[in-house]
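Remember, it's 1-based here, ligands and their atoms both numbered in the order they're listed. Sequence positions, counted from 1, serve as the residue numbers for this chain.
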Amino acid sequence: MRKKIVAGNWKMNLNVHEAKLLFQEISAIVSKDNGAHEVLIFPSSIYIESLLNINQSSIEIGAQNFHHQNKGAFTGEVSAMQLKQLGCKWALVGHSERRTIFHENDADLLNKLKAALENDLQVIYCCGESLNERESGMYFEKIGEQIGLLKTLSQNEMNHITIAYEPIWAIGTGKTASPAQAAEMHDFIRTKLESIFNLEVADSTSLLYGGSCSPQNAKDLFACSNIDGGLIGGASLQANAFGEIIAAI
Ligand code: PEP
């Protein structure tokens, strides 16, 4: 059975006090929920250790970014190996902000996927089309290519991959994909996984929706059979809003 997951991507937000407070508020919500849902938080990497130290809930903590080499002369970088040793369980790979702002290409993403998997981190692999690709009708082709990057992974490695469909035009814009648009793409991704791998991989991979997901739209999105949760940016910075999204699943 695939897991239902709600993940909060805090991006480069919050000071250390705000991060700890928000984490404690979300922990209290998750504890009341008896850990019925898998809840993940991706804070700035400098806060990971502090949050792990105060974590008394079932929340798992992930890294927004890392370098694919385990160690070496890469000034300013943090490796998947270091994150794993710290107690991190998850990592994001392929977020559109990494692809566009930091120019991460397929080779970079594949290296990161391999590094995360070698270091026993679970990965949320993000994919999504631009507004131009949506409007020109190229969105299935684009997502098909991005999912195609996973084809060199083994079935066992795929057990550690969760996919987040995040249309770029919906990220941080307040413009959400309609449940019909999101469902259509999630159906496509699951079918694509079956054609690349097999039915077992397709059925067991959790597919999250991301892009201006909020307490107002989460219920309708999560009601779609192939949407197994969400990757939440802005709304994960408010405990109440994030709690309502968790409750919507
Ligand atoms: C994200 O950045 O992964 C995201 C989904 O952001 P937002 O919820 O703010 O659109």
Going by atom type alone, with no hydrogens or angles, which donor-acceptor pairs under 3.5 Å involve a side-chain atom of residues 191-198 and a protein atom two or more places apart or on another chain?
| residue | atom | partner | partner atom | Å |
| --- | --- | --- | --- | --- |
| Thr191 | OG1 | Asp187 | O | 2.9 |
| Ser195 | OG | Lys192 | O | 3.0 |
| Asn198 | OD1 | Glu200 | N | 3.1 |
| Asn198 | OD1 | Val201 | N | 2.9 |
| Asn198 | ND2 | Gln155 | OE1 | 2.8 |

For residues 13-21, which side-chain donor-acceptor pairs fall under 3.5 Å, sequence neighbours excluded?
| residue | atom | partner | partner atom | Å |
| --- | --- | --- | --- | --- |
| Asn13 | ND2 | Trp10 | O | 3.0 |
| Asn15 | OD1 | His17 | N | 2.9 |
| Asn15 | OD1 | Glu18 | N | 2.8 |
| Glu18 | OE1 | Asn15 | N | 2.8 |

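Taking the charged nitrogens against the carboxylate oxygens, Asp120 and Lys84 do have a contact shorter than 4.0 Å, which makes a salt bridge. A salt bridge between Arg134 and Glu129 is present, with a side-chain N of the basic residue lying under 4.0 Å from a carboxylate O of the acidic one.
The hydrophobic cluster containing Leu40 also includes Ile5, Phe42, Trp90, Leu92, Ile124, Leu208, Leu231, under a criterion of side-chain heavy atoms closer than 4.5 Å among ILVMFWY residues, counted directly or through chains of members.
Side chain of Asn55 to backbone of Leu51: no donor-acceptor contact under 3.5 angstrom is found.
Listed by chain and number, Asn9, Lys11, His95, Glu166, Ala170, Ile171, Gly172, Gly210, Gly211, Ser212, Leu231, Ile232, Gly233, Gly234 each place a non-hydrogen atom less than 4.0 angstrom from ligand 1.
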